[in-house]
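Before I ask anything, here is the structure I am working with.
Note that the coordinates shown come from a computational prediction; the quantities given were computed from them, not determined experimentally. Index from 1, following the sequence.
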Amino acid sequence: MEGQYLLELKSKMTDDLHHLDGWNPKDQTPCGWKGVNCTFGYDPLVSSLDLNSMNLSGTISPSIGFLVHLTYLDLSFNGFSEGIPAEIGNCSKLETLNLNNNNFEGKIPAELGNLSSLEYCNLCNNKLSGSLPEEIGNLSSLIELVLYTNNLTGPLPHSFGKLKNLAIFRAGQNMISGSLPVEISQCQNLIMLGLAQNQLGGEIPKELGKLRQLTDLILWDNQLSGVIPKELGNCSSLQTLALYQNNLVGNIPVEIGNLKNLVKLYLYRNGLNGTIPKEIGNLTLATEVDFSENMLTGGIPAELSNIKGLHLLYLFQNQLTGFIPSELCGLKNLTQLDLSINYLTGPIPNRLQYLTELIQLQLFNNMLSGSIPWRLGVYSPLWVADFSDNNLTGQIPRHLCRNSNLMLLNLGSNKLTGNIPTGVTNCKSLVQLRLGGNNLTGSFPSDLCKLVNLSTIELGQNKFSGPIPPEIGNCKALQRLNIPNNFFTSELPGEIGNLSRLVVFNISSNRFGGRIPILIFNCTKLQRLDLSQNRFVGRLPNEVGNLLQLELLMLSDNRLSGNIPSILGQLSRLTELQMGGNQFSGGIPEELGGLSSLQIAMNLSYNNLSGYIPQELGNLALLEFLLLNNNHLTGEIPSTFAILSSLLGLNVSYNNLTGPLPPISLFQNMPLSSFVGNEGLCGGPLGECVGSPSSSTPSSLKATRTPLGKIIGIIAAAVGGISLVLIAVIVYFMRKPLETVAPLQEKQLSSAASSMYTSPNEGFTFQDLVAATNNFDEDFAIGRGACGTVYRAVMQSGQTVAVKKLASNREGSNTDNSFRAEILTLGKIRHRNIVKLYGFCNHQGSNFLLYKYMSRGSLVAGSYGYIAPEYAYTMKVTEKCDIYSYGVVLLELLTGRTPVQPLDQGGDLVTWVWNYIKNNSLTPGILDGKLNLEDKIAVDHMITVMKIALLCTRMSPFDRPPMRQVVLMLIESKERAGSFASSPVSDLSPKDDRS
């Protein structure tokens, strides 16, 4: 009979690989069938069914319940779907049940509670939903219950306290809510309690302190509140305590120092305050301590130096003060030290340079002074050194790359002097060199161009001088070259045209002269080109039309002449065009009206342009600032300007324009300075045109604007209130979950055949990815963004990873030495702001990144709605990040939508808004439908505030206005006036572009 039950099971399965073809109904007994084991004796019975990893699919027949002698059932790593049959509860002798890594749906059957002999139950990586049944408490023999990565909801049952033998309970990556039941403290044999990435709320029960056998308490990424109970100090066996990314407040209990067996302590990304207790120094076995992203105050306790085995110490983004204790230099095993974004003062301890294991040293955004230890790098195999945004003086140490490992060197925004030492310019491992904002001198180091991995050079705002050497053409991997605000001279070398990967080129505010070399336009991947404020002469070559990826073109304040090339109209991705302050002549090409992406500004002011303003400029639906002043333009302002729905400012002053201003509400409220110097213009603020009907009186205009003031008051008050909360919102959301048990130091495995690089614990091949995603079938796609498509892949081992297939036309999409080096940096550095990277692959010209899979999460950088896109790459919170978040809040108020939107609608609110504008223009339909949209004046004003919000949420941080400008625009938007309308360039497009 058991053979018939097994055949009935098989009848509901799909066996594409024919594993079960040997199940012959003519056999006397099924005991010889693949996957089937029986008891010994005269009348053998089926005691074990193991069909794991056979690529089976279909459903599980209720006939499973007739196999009443089963003690072992393993159907894991297949593709079974639908529900778990309730009849499985009839298998009363079952001791092991493995149904993990399938596609089971529905609730966990209450009948499971009948399995009183069950010891091991694994249902993870399925699609199970609903609450855990109360009957789970009847599993009196249960030792291990694994339920992570499902869709379970509701609270944990109080019956958990009855599971006296339970040692391991893992249910992370679900949607379990409610409070942790106190009854869990009755599971006296509990070793691991894992409930990360759920929606648990309330306080952590102090009764957990009774769990003396507990080694791992993993509760990160929930909504837990209140204080950390001091009773946890009684969990004397605890080795891992992971409470990060919650809403915990109060002090770190001194009793934590009693956990003498603790190895990993993660309390970051909460609201903890007070000082770091010196008792933490009693954790002598700890290897990782992370208190970052809290509100801790006071000094760094010197007692931390007692933790001799400490590898990682993260205290960044708190409010710590005082000196860096020199005692930390005694931590000989320290590999990663991050004290950035605090208020630390004094010098960098000199003895840090003797730490022989140190690979990551980040001290940026503090108030440190003095010089950098002169022999730093001699003994330390540094990968990352970031001391930017401090008050450091002296020269750059010459030994930073002594061990040839340094990938990122960021010393920007200090007071360093002298030349760049040869030890840095000859650093073959270097990927990013960021030295902007200092007082460095000397010439451009030609040795930099021998570094095959170098992708970024930032030397802006220093005192460098002399020419750019022709050797620059050897920097084949270079993607960003930013050297603005220096004293560089001479002509640009044509060899720059050899930089085929160059994406950002900014040489503004220097003393370059001569003609713009035509060869520069061979850099067809350029997205941002800034040559402004130099001494270039001659015509702008037509070859500029080769730069089809260009998003920003800055040529202002040079001595360029001749006609404006009409081919500029083919640069369909251009968002900003700055050509003011030159000697361009002739007419404005009508082809410029085809720049459909132009948003920030078109500035043609202070030239010698003549002729009519082309009607086609009215097609620039996204344009916000149009500056045509100080030219020799004639004719009327085109009536098509009435459809420039996004326009915030227009300046046509000091031309030879005539006729009435078009009847556009924006014009009626613009300052007189926008139109003066045109004797033939009339209407609006210029006064009545002769023979025209009487215009509105000032009193009537004032009366009609009364509701506008109320709207301003409401929005300003709301924004002001929300901005107080915004800091907490940013701190909460601007994160990435940290893998609790992943090793810190990972090295690459390479295969010449597949160009695959992964950490040693993973060992995936490209063929594994193809198999796991059915050759990247759309059914496996879980998200799309500007940089590519993300797929969910369940590997043969059962591990779920996210695979991002990069779009081929984006920056850095070609895998070369520089790309690999930069990606390996992400894989080696465990940082809060970067999703865990397992590896990357290049296959037939396409690039793939392997990330840790985060349920309900995202991989393009602004996935939590409020986060500025650059945050994940710069690892810094700046004012421009805050401005982006502020803009999102404005968009929330105006649209009535949440910051996170469905993937099919863009994934985040900013993308949703831009998609709406692209498809519908900027119309009242974008506003919250619950508002009164019949008041035209109020709607117009809300549209104006919407435009301000869009300025704040620019993709590039350098295109966002400073906060004082945002405030000014909000205040002055009531009158539709202010200095920003006449010349927005200085505030909206800073010359020091480091994007």
Could you tell me which non-hydrogen atom of T149 sits nearest to which non-hydrogen atom of Q173, and how far apart they are?
OG1-OE1, 2.7 Å
Note, T456 side chain near V431 side chain (heavy atom, < 4.5 Å)
no
Return the CG to OG1 distance between L313 and T287, rounded to the nearest 0.5 Å.
11.5 Å
Qualifying residue for side-chain contact (heavy atoms from CB on, under 4.5 Å) with S380, from L334, T335, L358:
L358
To the nearest 0.5 Å, what is the distance between CE (M295) and OG1 (T297)?
10.0 Å
Could you walk me through whether E327 and S305 pass the side chain to side chain donor-acceptor pair (under 3.5 Å) check?
CA-CA 6 Å; E327 289 83 353; S305 62; over 6 Å; no
When every non-hydrogen atom of N342 is compared with those of L339, the smallest separation belongs to ND2-O, 3.1 Å
Show the numbers, then the answer: is there a side-chain contact (heavy atoms from CB on, under 4.5 Å) between L224 and N247?
CA-CA 6 Å; L224 298 170; N247 301 318; over 6 Å; no
Does the side chain of Q362 come under 3.5 Å of the side chain of Y314 through a donor N or O and an acceptor N or O?
no
Under a 4.5 Å cut-off applied to non-hydrogen side-chain atoms, are L315 and I276 in contact?
yes
Please examine the side chains of L409 and V424, heavy atoms only from C-beta on, and report whether any two atoms are closer than 4.5 Å.
yes
When rounded to the nearest 0.5 Å, the distance separating CG of L320 from CD1 of I341 is 12.0 Å
Within the distance-only criterion (no hydrogens, no angle test), does the side chain of R792 pair as donor or acceptor with the backbone N or O of V801 below 3.5 angstrom?
no
Identify the residue among L145, N174, T800, N101 that makes a side-chain contact (heavy atoms from CB on, under 4.5 Å) with C124.
N101
Closest non-hydrogen atoms of L180 and P205, given as atom of the first, atom of the second and distance, are O-CG, 3.5 Å
Do Y343 and Q319 get their side chains close enough for a donor-acceptor pair, meaning under 3.5 Å?
no
Closer than 3.5 angstrom, by distance alone: can the side chain of N189 be matched with the main-chain N or O of L166 as a donor-acceptor pair?
no
List the atom of N270, the atom of L267, and the distance in Å for their closest heavy-atom pair.
ND2-O, 3.1 Å
Does S292 offer a backbone N or O that forms a donor-acceptor pair with the side chain of D290 under 3.5 Å?
yes
With a 4.5 Å cut-off on side-chain heavy atoms, are L123 and C121 touching?
yes
Heavy-atom side-chain proximity of S179 to P181 below 4.5 angstrom
no
For the residue pair E207 and S185, confirm or rule out a side-chain donor-acceptor distance under 3.5 Å.
no
Kindly say whether W220 contributes a backbone atom to a donor-acceptor pair with the side chain of N198 at under 3.5 angstrom?
no
Output for pair (E144 CD, I191 CD1), nearest 0.5 Å, gives 9.5 Å
So how far is it from L200 CG to L195 CG, rounded to the nearest 0.5 Å?
5.5 Å
So, do L238 and N261 sit near enough that their side-chain heavy atoms are less than 4.5 Å apart?
no
Assess whether side-chain contact (heavy atoms from CB on, under 4.5 Å) is satisfied between V289 and L310, documenting all intermediate values.
CA-CA 8 Å; V289 173; L310 199 61; 3.7 Å; yes
Please evaluate residues L368 and T345 with respect to the criterion side-chain contact (heavy atoms from CB on, under 4.5 Å), reporting the C-alpha separation (whole Å), side-chain torsions for both, the decisive distance (0.1 Å), and the verdict.
CA-CA 5 Å; L368 299 173; T345 55; 5.8 Å; no
Looking at N246 and L219, would you say the former's side chain and the latter's main chain have a donor-acceptor pair under 3.5 Å?
yes
Heavy-atom check, side chain of K210 versus side chain of Q188, under 4.5 Å
yes
Ring centroid separation F169 to F160 under 6.0 Å
yes
Is there a donor-acceptor contact under 3.5 Å from the side chain of N306 to the main chain of N282?
no
Could you give me the CA-CA distance, side-chain angles and deciding distance for Q432 and R434, then say whether side chain to side chain donor-acceptor pair (under 3.5 Å) is met?
CA-CA 6 Å; Q432 295 188 27; R434 296 180 172 177; 2.9 Å; yes
Taking every non-hydrogen atom, the tightest pair across P373 and Q353
CB-OE1, 3.4 Å
Flag, side chain of N414 to backbone of N390, donor-acceptor distance under 3.5 Å
yes
Are there over 12 heavy-atom neighbours, none belonging to K308, within less than 6.0 Å of that residue's NZ?
yes
Using only atom types and a distance under 3.5 Å, with no angle test, would you say the side chain of N294 pairs donor to acceptor with the backbone of L272?
yes
With side-chain contact (heavy atoms from CB on, under 4.5 Å) as the test, would you mind laying out the steps for V384 and L361 before giving the verdict?
CA-CA 6 Å; V384 174; L361 179 57; over 6 Å; no
Could you tell me whether the side chain of N234 and the main chain of L232 form a donor-acceptor pair under 3.5 Å?
no
Of the non-hydrogen atoms in C329 and P349, which two are nearest, and what is the gap between them?
SG-CB, 3.7 Å
Should the pair Y244 and Y268 be assigned to parallel (<30°), tilted (30 to 60°) or perpendicular (>60°) ring geometry?
parallel
Closer than 3.5 angstrom, by distance alone: can the side chain of T215 be matched with the main-chain N or O of S237 as a donor-acceptor pair?
no
Would you say that L241 contacts I256 through its side chain, given a criterion of any heavy-atom pair below 4.5 Å between the two side chains?
yes
Point-to-point distance, once rounded to the nearest 0.5 Å, from CG of D216 to CE of M192
4.0 Å
